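Below is one structure, written out as structure tokens, with a few remarks after it.
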Amino acid sequence: MSDAFDASHPIDLPDKPALEGLEDKWNARWQEAGTYRFDRSRPRAEVYSIDTPPPTVSGSLHVGHVFSYTHTDVIARFQRMRGRAVFYPMGWDDNGLPTERRVQNYYGVRCDPSLPYDPSFQPPDKPAKHPIPVSRPNFIALCDRLTAEDEKAFEDLWRHLGLSVDWSMTYATIDKRSQRVSQAAFLRLLARGIAYQIEAPTLWDIDFRTAVAQAELEDREQPGAYHRIRFGLAGQGMAGPPSQDPAGPSPRDSVGDGTRPTYVEVETTRPELIPACVALVAHPDDERYKPLFGKNVVTPLFGAEVPVKAHALADPEKGSGIAMICTFGDITDVTWWRELSLPVRAVIQPTGAFRPITWGQPGWESTDPARAQNAYDQLATLQPSKARAVIVEQLRQSGDLIGEPRPITHPVKFYEKGDRPLEIITSRQWFVKTMEFREQLLARGRELRWHPEYMRHRYENWVNGLTGDWCVSRQRFFGVPFPIWYPVRGDGGLDYARLILPDESRLPIDPSTDVPDGYSADQRGKPNGFAADPDVMDTWATSSLTPQVVSGWLADDDLFARVFPMDLRPQGHDIIRTWLFTSVLRAQLGHGTLPWTDVAISGFITDPDRKKMSKSKGNVVTPFSLLQEHGSDGVRYWAASARPGGDAVFDPAQMKVGRRLAIKMLNAARFALLQAEPRGPIREPLDRGMLTALARLVDECTGHLEAYDYARVLERTETFFWAFCDDYLELVKGRRYGDFGSEGAASANSAMLVALSTLLRLFAPFLPFVTEEVWSWWRPGSVHSSTWPTAAEVVASISGADEGALAVREATQGALAEVRRIKSLLKKPTKAVINKAVLPAAFSGLGPASRDFQAATHIRDLHFGDVTEPQLEFAEEPAA
RNA sequence: GGGCGCUUGGCUCAGCGGUAGAGCAUCGCCUUCACACGGCGGGGGUCAGUGGUUCGAAUCCACUAGCGCCCACCA
């Protein structure tokens with residue numbers, strides 16, 4: 001028996017159905033009934049688990065959130081109706097720099113780790129002009145306090161939007177669970193030698209004063225200039241006077257022909273790094289510079305002797321074809337430095353300022369130490385951009401600057417959240433090995449099912465382009481600390497070679513307040529005592545473990561076995577190289593598996609001018625006002641209309657369309673249920689044709705949703721629904737009221753109910769509120785707990801698919817359209833009756849079986865009269 | 001420099017081998033007994049360009065142009 005024939009539930013129709021208030025009404029009931037609660041008694045095969053992206057709660061609520069989370073919710077609701085136990089938790093990303101920055105601005109404070117904890121500290125009501133320094137524990141308490149408020153706002157939004165999340169399983173990336181998982185996973189990698197610590201050149205943000213990872217880089221076009229600098233040949237003293245040739249001598253003139261081999265010209269965009277120069281490099285095949293390989297040159301101003309080296313990475317086409325290697329100006333310098341075994345001459349400090357240097361000391365030899373010192377003293381303590389201006393003037397004075405700097409615009413590496421170009425600074429950092437797992441990671445990427453498929457390339461591109469292991473330590477405060485102490489040697493220095501590690505059972509710990517086993521608290525920082533590792537983990541070092549965190553790894557083995565590896569990771573394409581990549585890495589390293597089988601990528605929201613929406617443009621609309629204006633179903637309709645992975649235009653007009661669809665559903669359902677008796681066998685060809693078409697739609701929709709193509713399902717279902725309302729319901733209106741007897745009415749009523757039940761369930765994942773409302777008028781339980789419709793179920797209501805009736809439906813709808821067109825052209829009222837005899841064309845598609853118009857009831861449904869109205873017998877083709 | 005995606009009516013997009021589609025906008029008509037937060041109908045496109053495959057191409061292939069995104073060792 002189909003659902004539609006179960007008349008046990010009374011029909012209870014409102015007089016004037018409306019959308020207003022449905023969100024609050026149904027959210028309350030869903031929560032009360034536990035509609036979206038995860039049933040953890042079900043075996044893995046019956047579970048559908050989702051690795052929710054935890055939104056950054058310190059960021060603003062944005063329509064982009066609403067957009068992508070709706071996509072995931074559609075899938076979750078579909079899988080739930082398919083009978084899976086849906087594991088759909090929510091998480092909050094409250095870890096890391098964004099929160100620190102928000103807390104600093106919101107409360108007007110600054111973290112000073114050297115201060116002691118002040119239990120009575122309260123932030124001022126309004127942020128003070130100058131930031132108040134607070135201790136690290138106080139700062140973290142403020143982070144916790146503010147994120148709790150932010151999380152409440154997000155949860156309210158998600159509930160109002162109708163996300164079918166199980167709110168009992170919420171996690172945060174800074175909570176104890178996340179910390180424990182992050183620390184335990186790290187310690188296990190450490191034990192296997194996959195995590196390691198090394199002092200090495202690292203990407204460094206001089207404003208945040210922290211290391212950053214390759215994945216956090218972005219290029220920004222910056223104004224700069226090529227400076228042509230001359231380096232004298234060693235053994236000939238400092239370079240002689242500059243050339244009189246205004247264009248400057250070419251490198252060939254200066255070194256190649258032997259006539260004036262006194263200096264080499266080098267082009268650089270970072271002349272301030274000349275004191276950090278350790279070599280020059282040119283391509284091994286470059287004839288201009290071959291004679292110089294193995295010889296030394298002397299840096300201008302500082303008189304340091306540096307070798308000329310050959311390396312294939314040097315590009316003869318760039319600049320003068322020979323490059324200055326500094327420690328360190330850019331990533332290429334690091335490559336050259338490493339591969340050519342060059343020494344380090346570091347000038348930039350973690351603050352960005354040039355550090356004091358005494359020339360003439362070991363490592364800072366000069367042919368003229370006094371002159372070098374004099375030049376350098378003008379740079380010391382300056383920031384790089386200031387130092388550049390100073391040194392250019394010095395070079396100009398000394399005659400080592402050839403011509404004037406040539407302004408250019410070039411891409412420069414920035415930390416994605418930073419304001420000034422990255423520097424490369426040598427420091428002690430923690431790394432996780434990635435390079436040696438590249439092939440495994442590529443294989444996992446091929447194994448993963450991508451939606452849409454072409455997003456796979458982004459991942460492969462990234463993995464193939466990796467240049468080093470993953471730097472996971474950050475010199476920040478609000479993050480997961482490394483669970484590590486170091487012994488303090490007798491001389492007060494730290495013994496980095498001997499780590500003091502906590503037992504896994506103690507995790508999570510904060511080494512800056514917790515004491516390692518075997519030590520007492522008063523030994524902290526003392527000779528022969530211990531000291532904490534001061535760093536926190538990269539936010540991705542925690543986020544990469546969200547599958548393990550939500551699945552209860554290390555905490556709930558039973559849950560873990562039922563949900564991990566997970567089914568779905570939904571996320572944006574902008575974080576494939578970070579979140580997706582690191583998650584695949586961690587699952588591979590820790591579990592030897594993919595973290596999930598499928599990944600669904602969402603696009604961005606752009607404003608109508610095709611620009612990415614941004615706060616600075618003032619075009620950001622708050623999501624709540626949108627939900628209130630258009631209704632959650634209306635907004636969800638807009639979101640679900642966008643193709644998977646595609647960017648979408650912010651378009652309130654589409655939300656209005658969605659809202660109209662929801663209203664139409666209320667009214668169409670009301671019509672179908674208004675007079676639901678009599679009911680009986682569905683014998684009329686038009687009814688059977690409509691249901692046969694519906695069965696096909698159900699099959700199509702199920703397939704597309706299984707392939708994560710929600711947008712197509714919404715489009716097809718909507719198209720069917722409007723045809724159902726405008727054509728089918730209009731056609732059977734008279735019959736259902738008894739115009740052609742009770743059997744015809746019974747067929748129509750029964751068919752309408754089957755269709756309504758089926759359509760409500762097809763729409764339920766997209767428009768959860770209106771479908772639930774209508775469902776509640778006549779069906780028991782929640783539509784969201786009902787079973788997804790099947791073609792077989794629909795076809796069973798007519799005792800088998802009826803292909804012939806399909807043609808009847810199509811022809812009848814065609815005839816109806818023809819009749820309407822004629823009435824419209826003749827400006828006749830809709831209710832005007834037209835003589836069938838004047839419209840042979842309209843019936844030509846109905847086929848031989850329908851020749852006898854009087855006998856064919858589906859023709860009667862068209863309501864033709866026998867009255868001949870002369871003006872309807874037009875002489876010309878109305879279509880022409 | 002490498003990769004990916006996009007280019008269809010005024011706008012937003014679907015179609016992806018068989019005589020150009022939808023919604024919005026526009027114009028006209030209809031106060032129809034579920035719905036005026038409605039319904040019906042009309043007008044509007046040489047499917048970016050060039051070449052090729054095919055009986056047939058918006059749809060497949062190649063190249064070109066423009067737009068967008070990702071990546072890159074950017075002196």
Side-chain angles (χ1 to χ4, degrees), chain A residues 13 16-19 217 219 221-222 224 226-227 229 266-270 273 280-282 311-315 317-326 329-336 408-413 452 454-467 573-574 576-577 603-604 606 608 610 612 631 634 638 641-643 645-649 651 653-654 656-657 659-675 711-712 715-716 718-719 722 725-726 729-730 733-734 737 816-817 819-832 879:
Chain A
L13 289 182
K16 182 85 178 152
L19 298 177
L217 301 186
D219 283 347
E221 283 295 327
Q222 295 288 308
Y226 280 125
H227 303 76
I229 309 294
V266 175
E267 285 208 322
T268 178
T269 55
R270 298 204 63 183
L273 290 179
L280 299 186
V281 65
H311 194 285
L313 227 50
D315 183 352
E317 300 300 316
K318 267 183 198 152
S320 60
I322 186 163
M324 179 171 96
I325 304 176
C326 306
D330 62 32
I331 298 176
T332 323
D333 280 344
V334 179
T335 306
W336 281 325
I408 54 160
T409 303
H410 64 153
V412 176
K413 297 259 180 255
Y454 61 78
M455 288 293 177
R456 181 190 305 279
H457 299 287
R458 304 261 182 118
Y459 174 87
E460 290 182 351
N461 238 337
W462 174 251
V463 177
N464 281 320
L466 285 173
T467 58
H573 55 69
D574 53 326
I576 288 174
R577 65 177 178 167
F604 285 136
T606 58
R610 277 265 164 266
K612 202 174 158 183
W638 160 74
S641 300
R643 250 58 208 172
D647 293 346
V649 178
D651 188 2
Q654 276 300 104
K656 290 192 172 72
V657 173
R659 182 180 166 80
R660 205 184 55 163
L661 171 64
I663 292 169
K664 189 76 176 176
M665 210 172 293
L666 290 174
N667 288 304
R670 184 163 180 274
F671 169 75
L673 297 169
L674 210 49
Q675 182 180 314
R712 189 177 304 272
E715 182 210 316
R716 293 300 161 84
E718 186 191 7
T719 300
W722 282 107
C725 292
D726 297 343
L729 291 184
E730 289 301 328
K733 194 173 275 186
Y737 283 128
L816 178 64
V819 168
R820 285 170 171 166
R821 198 173 66 85
I822 289 163
K823 284 182 187 171
S824 178
L825 284 171
L826 297 177
K827 303 199 191 304
K828 284 283 161 186
T830 316
K831 62 186 170 191

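For clarity, every value in this text was computed on a predicted model and none was experimentally measured. Reminder, nothing fancy here: chain letters follow the sequence lines and each chain counts from 1.
- Taking the C1' atoms as reference points, rC61(B) lies 22 Å from rG2(B), given to the whole Å.
- Within 4.0 Å (heavy atoms only), Thr268(A) reaches sugar-phosphate atoms of the nucleic acid but no base atom.
- Going from the P atom of rC67(B) to that of rC29(B) covers 45 Å, rounded to whole Å.
- Contact annotation for Trp722(A): backbone-only contact, meaning every heavy-atom pair under 4.0 Å involves sugar-phosphate atoms and none involves a base.
- Across all strands shown, rC73(B) has no partner, as no Watson-Crick or G-U wobble contact with both distances under 3.5 Å is found.
- Spacing of C1' atoms, rC11(B) relative to rC71(B), comes out at 33 Å, to the nearest Å.
- Looking at heavy-atom distances under 4.0 Å, Ala314(A) makes contact with a base.
- Note that the CG atom of Asp651(A) and the CH2 atom of Trp638(A) stand 8.5 Å from one another [nearest 0.5 Å].
- On the P atoms, rC33(B) is 40 Å away from rC16(B), given to the nearest whole Å.
- Listed candidates were rC74(B), rA14(B), rG41(B). Nearest to the side chain of His410(A) is rC74(B).
- With hydrogens and angles ignored, no donor-acceptor pair closer than 3.5 Å exists between the side chain of Gln675(A) and the base of rA34(B).
- Looking at residues two or more places apart in sequence or on another chain, you find a side chain to side chain contact (heavy atoms under 4.5 Å, CB included) between Arg660(A) and Trp722(A).
- No donor-acceptor distance shorter than 3.5 angstrom exists from the side chain of His573(A) to the backbone of Gly603(A), with no hydrogens or angles considered.
- If you take CG of Leu661(A) and C1' of rG39(B), they are 16 Å apart, rounded to a whole angstrom.
- The nearest pair of heavy atoms linking Glu267(A) to Ser320(A) is N-OG, 3.7 Å.
- The two atoms that bring Ile576(A) and Met455(A) nearest to each other are CD1-O, 4.2 Å, heavy atoms only.
- The partner of rG66(B) is rC6(B), judged by Watson-Crick or G-U wobble contacts that both fall below 3.5 Å.
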Identify the pairs formed between an N or O of the protein and an N or O of nucleotides 3-7 of chain B at a distance under 3.5 Å, and give each distance.
none

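- Residues Leu273(A) and Gly329(A) share a closest heavy-atom pair of CD1-CA, 3.4 Å.
- Taking CG of Leu13(A) as the start and CG of Leu666(A) as the end, the distance is 11.0 Å to the nearest 0.5 Å.
- Counting non-hydrogen atoms under 4.0 angstrom, Ile663(A) reaches a base of the nucleic acid.
- Dashed line: the shortest gap from a side-chain N or O of Lys733(A) to OP1 or OP2 of rU32(B) is not under 4.0 Å.
- Among the protein residues, Asp315(A) comes within range of the nucleic acid bases, having at least one heavy atom under 4.0 Å from a base atom.
- Across all strands, Asp219(A) comes closer than 4.0 Å to base atoms (heavy-atom distances).
- Straight-line distance between the C1' atoms of rG44(B) and rA25(B): roughly 12 Å, to the nearest whole Å.
- Rounded to a whole Å, the CG atom of Leu816(A) is 13 Å from the C1' atom of rU32(B).
- Heavy-atom nearest nucleotides on RNA chain B were determined for Ala668(A) and for Gly321(A), and the one closer to the 5' end corresponds to Ala668(A).
- Here Val412(A) pairs with Gln222(A), His410(A), Phe414(A), Pro421(A) under the side chain to side chain contact (heavy atoms under 4.5 Å, CB included) rule; sequence neighbours left out.
- Protein atom CG of Asn667(A) is 7 Å distant from nucleotide atom P of rA36(B), rounded to whole Å.
- Between the side chain of Asp574(A) and the base of rC70(B), no donor-acceptor pair under 3.5 Å is found.
- In this structure, the side chain to side chain contact (heavy atoms under 4.5 Å, CB included) partners of Glu317(A), at least two apart in sequence or on a different chain, are Asp315(A).
- Here Cys326(A) lies out of heavy-atom contact (under 4.0 Å) with every strand.
- Straight-line distance from the CG atom of Leu217(A) to the C1' atom of rC71(B): 12 Å, rounded to whole Å.
- The shortest non-hydrogen separation linking Glu718(A) to Val657(A) is OE2-CG1, 4.2 Å.
- Side-chain contact check for Glu715(A) versus Arg643(A): some heavy-atom pair is nearer than 4.5 Å.
- Rounded to an integer number of Å, the gap from CG of Asp647(A) to C1' of rC70(B) is 12 Å.
- Regarding contacts with the backbone of rG39(B), a side-chain N or O of Lys664(A) is found under 4.0 angstrom from either OP1 or OP2.
- Per the geometry, CZ belonging to Arg659(A) stands 11 Å off P belonging to rC37(B), to the nearest Å.
- Between Arg577(A) and rC71(B) there is a side-chain polar atom (N or O) within less than 4.0 angstrom of OP1 or OP2.
- The shortest heavy-atom contact between Cys725(A) and Ala668(A) is SG-CB, 3.7 Å.
- For rA34(B), the OP1/OP2 oxygens have a side-chain nitrogen or oxygen of Tyr737(A) closer than 4.0 Å.
- In this structure, of rC73(B), rC40(B), rU12(B), it is rC40(B) that holds the atom nearest to the side chain of Arg820(A).
- Looking at residues two or more places apart in sequence or on another chain, you find a side chain to side chain contact (heavy atoms under 4.5 Å, CB included) between Arg820(A) and Asp727(A), Glu730(A), Leu816(A).
- With a cut-off of 3.5 Å on both pairing distances, rU19(B) has no Watson-Crick or G-U wobble partner at all.
- Comparing rA22(B) with rC30(B), their C1' atoms are spaced 23 Å from each other, to the whole Å.
- For rG5(B) and rC13(B), the C1' atoms lie 16 Å apart once the distance is rounded to whole Å.
- Atoms CZ (Arg670(A)) and P (rG38(B)) sit 17 Å apart, rounded to a whole Å.
- Base pairing annotation: rC60(B) forms a Watson-Crick or G-U wobble pair with rG52(B), both donor-acceptor distances under 3.5 Å.
- Base pairing of rC40(B) is made with rG28(B), judged by Watson-Crick or G-U wobble geometry with both donor-acceptor distances under 3.5 Å.
- A distance of about 13 Å separates the C1' atoms of rG56(B) and rC60(B), rounded to the whole Å.
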Collect all protein-nucleotide pairs involving nucleotides 22-27 of chain B in which both atoms are nitrogen or oxygen and the distance is under 3.5 Å.
unit_1	atom_1	unit_2	atom_2	d
rC24(B)	OP1	Arg660(A)	NH1	2.9
rC24(B)	OP1	Arg660(A)	NH2	3.3

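- The shortest distance between the side-chain N/O atoms of Arg712(A) and the OP1/OP2 oxygens of rG15(B) is below 4.0 Å.
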